J.: 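To start, I am sharing the structure in question, which I have written as structure tokens.
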Amino acid sequence: MAIDLPADWLSVLGDEFEKPYMQQLKAFLVQEKQLGKVIYPHSSDWFNAFKLTSLQQVKVVILGQDPYHGPNQAHGLCFSVPAGIKAPPSLVNIYKELQNDLNCQPVSHGCLTAWAKQGVLLLNSVLTVEQGNAGSHQKQGWETFTDRVIHLINEQQDSVVFILWGSYAQKKADFVDQNKHLVLKSAHPSPLSAYRGFFGHHPFSQANAFLQQRGRIPINWQLPEYP
């Protein structure tokens with residue numbers, strides 16, 4: 001496993017790659033490839049969330065579960081797909097809530113890199129998946145790594161907004177210090193649950209109001225038409 005992390009993240013996460021759980025994860029991924037399984041995203045994209053959002057830059061954390069498992073969808077940012085790929089249903093619902101909340105106009109792509117570059121860490125709990133097999137790389141070690149990421153942000157940063165959609169994300173970040181951070185919880189944007197509290201909870205305006213209260217520059221949630 002290539003440690004493809006920027007220097008600021010590597011300085012606080014580098015030790016994780018020497019630990020037994022990470023060695024076991026590496027062995028698992030090597031074995032999967034040897035068995036001829038297709039893994040998403042491409043290994044060069046596993047750490048894209050960290051490449052696009054430095055530790056010092058983090059203003060908002062959005063937690064996903066694991067990557068999209070269809071061809072050409074996953075590129076290392078939760079809920080996002082590369083330009084030219086049809087937006088999946090959960091992302092379509094995110095766009096609907098964004099328009100309802102801040103009157104941001106939906107765009108014709110599903111690429112969220114513009115958010116990441118502004119300090120929105122789009123973090124999946126698990127960073128890889130087997131093609132066509134949702135959840136296939138859970139409980140292999142990635143969760144331990146991403147737990148450490150959340151702990152570091154909680155401890156080392158101030159005034160971060162954690163947007164937690166669905167019970168999985170809420171459990172993963174239930175230790176976040178709400179005296180110095182804002183935690184926003186709702187139902188997941190999936191079509192199965194979006195009408196149970198996702199629509200109408202206004203996470204984007206709440207996040208910006210908190211950032212402004214704390215003297216931080218808010219996020220421009222309006223995505224560009226051409227990413």
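Quantities reported herein were computed from a predicted structural model and do not represent experimental measurements.
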J.: Please check if the side chain of Q57 supplies one atom and the backbone of V120 the other of a donor-acceptor pair under 3.5 Å.
T.: no
J.: Under a single-linkage definition using a 4.5 Å side-chain heavy-atom cutoff for Ile, Leu, Val, Met, Phe, Trp and Tyr, are L122 and F162 assigned to the same hydrophobic cluster?
T.: no
J.: Which atoms form the tightest heavy-atom contact between L77 and A49, and what is the distance?
T.: CD2-CA, 3.5 Å
J.: So does D15 have more than 12 non-hydrogen atoms from other groups sitting under 6.0 Å from CG?
T.: no
J.: What residues form a salt bridge (Lys or Arg N to Asp or Glu O under 4.0 Å) with K96, not counting sequence neighbours?
T.: none
J.: Sequence neighbours excluded, which residues qualify as side-chain hydrogen bond (donor to acceptor under 3.5 Å, both in side chains) partners of Q157?
T.: none
J.: Test your reading of the model: is there a side-chain donor-acceptor pair from W46 to the backbone of P41, 3.5 Å cut-off?
T.: yes
J.: So, for E32 and I39, which heavy atoms are closest and what is the spacing to 0.1 Å?
T.: CB-CD1, 3.9 Å
J.: Report yes if the distance between the aromatic ring centroids of F17 and F145 is under 6.0 Å, otherwise no.
T.: yes
J.: Looking only at side-chain N and O atoms, does Q105 offer a donor or acceptor that is under 3.5 Å from a partner on Y95?
T.: no
J.: Kindly say whether H201 contributes a backbone atom to a donor-acceptor pair with the side chain of Q206 at under 3.5 angstrom?
T.: yes
J.: Centre-to-centre under 6.0 Å for H151 and F175, is that the case here?
T.: yes
J.: Locate the shortest heavy-atom distance separating S44 from K51; write the atom from each residue and the value.
T.: O-NZ, 2.7 Å
J.: Would you please test T128 and W142 for side chain to side chain donor-acceptor pair (under 3.5 Å) and show each step?
T.: CA-CA 8 Å; T128 57; W142 280 128; 2.8 Å; yes
J.: Output a table of donor-acceptor pairs, distance under 3.5 Å, between side-chain atoms of residues 187-198 and any protein atom two or more places apart or on a different chain; print 'none' if there are none.
T.:
unit_1 : atom_1 : unit_2 : atom_2 : d
H188   : ND1    : S190   : N      : 2.9
S190   : OG     : L192   : N      : 3.1
S193   : OG     : H188   : O      : 2.8
R196   : NH2    : L192   : O      : 3.1

J.: Does a sphere of radius 6.0 Å around NZ in K117 hold more than 12 heavy atoms from other residues, nucleotides or ligands, not counting ones at 6.0 Å or beyond?
T.: no
J.: Can you tell me if H181 uses its side chain to pair, donor with acceptor, with the backbone of N154 under 3.5 Å?
T.: yes
J.: Looking only at non-hydrogen atoms, find the nearest pair between E97 and G200 and report the distance.
T.: OE1-N, 2.7 Å
J.: Other than Y40, what residues sit in its cluster of Ile, Leu, Val, Met, Phe, Trp and Tyr side chains whose heavy atoms are under 4.5 Å apart, directly or through others?
T.: V38, V129
J.: Between L121 and L211, is there shared hydrophobic-cluster membership here, with clusters defined by ILVMFWY side-chain heavy atoms closer than 4.5 Å?
T.: no
J.: Which heavy atom of P227 sits nearest to which heavy atom of A83, and what is that distance?
T.: CG-CB, 3.6 Å
J.: Does the Q73 side chain pair with the main chain of G70, one donor and one acceptor, at a distance under 3.5 Å?
T.: yes
J.: Please check if L25 and L123 belong to a single hydrophobic cluster, counting links between Ile, Leu, Val, Met, Phe, Trp and Tyr side chain heavy atoms closer than 4.5 Å.
T.: yes
J.: Among the clusters formed by ILVMFWY side chains lying less than 4.5 Å apart, do F79 and W115 turn up in the same one?
T.: yes
J.: Suppose we screen for side-chain hydrogen bond (donor to acceptor under 3.5 Å, both in side chains). Which residues come up paired with D147, at least two apart in sequence or across chains?
T.: K172
J.: For D8 and S11, which heavy atoms make the closest approach, and how far apart are they?
T.: O-OG, 2.7 Å
J.: In the single-linkage hydrophobic clustering (I, L, V, M, F, W, Y; side-chain heavy atoms under 4.5 Å), do V61 and L184 co-cluster?
T.: no
J.: Is the distance from the ring center of H137 to that of F28 below 6.0 Å?
T.: yes
J.: How about F47 and W9: are their ring centres within less than 6.0 Å of each other?
T.: no
J.: Taking only residues two or more places apart in sequence or in another chain, which ones pass side-chain hydrogen bond (donor to acceptor under 3.5 Å, both in side chains) with S90?
T.: none
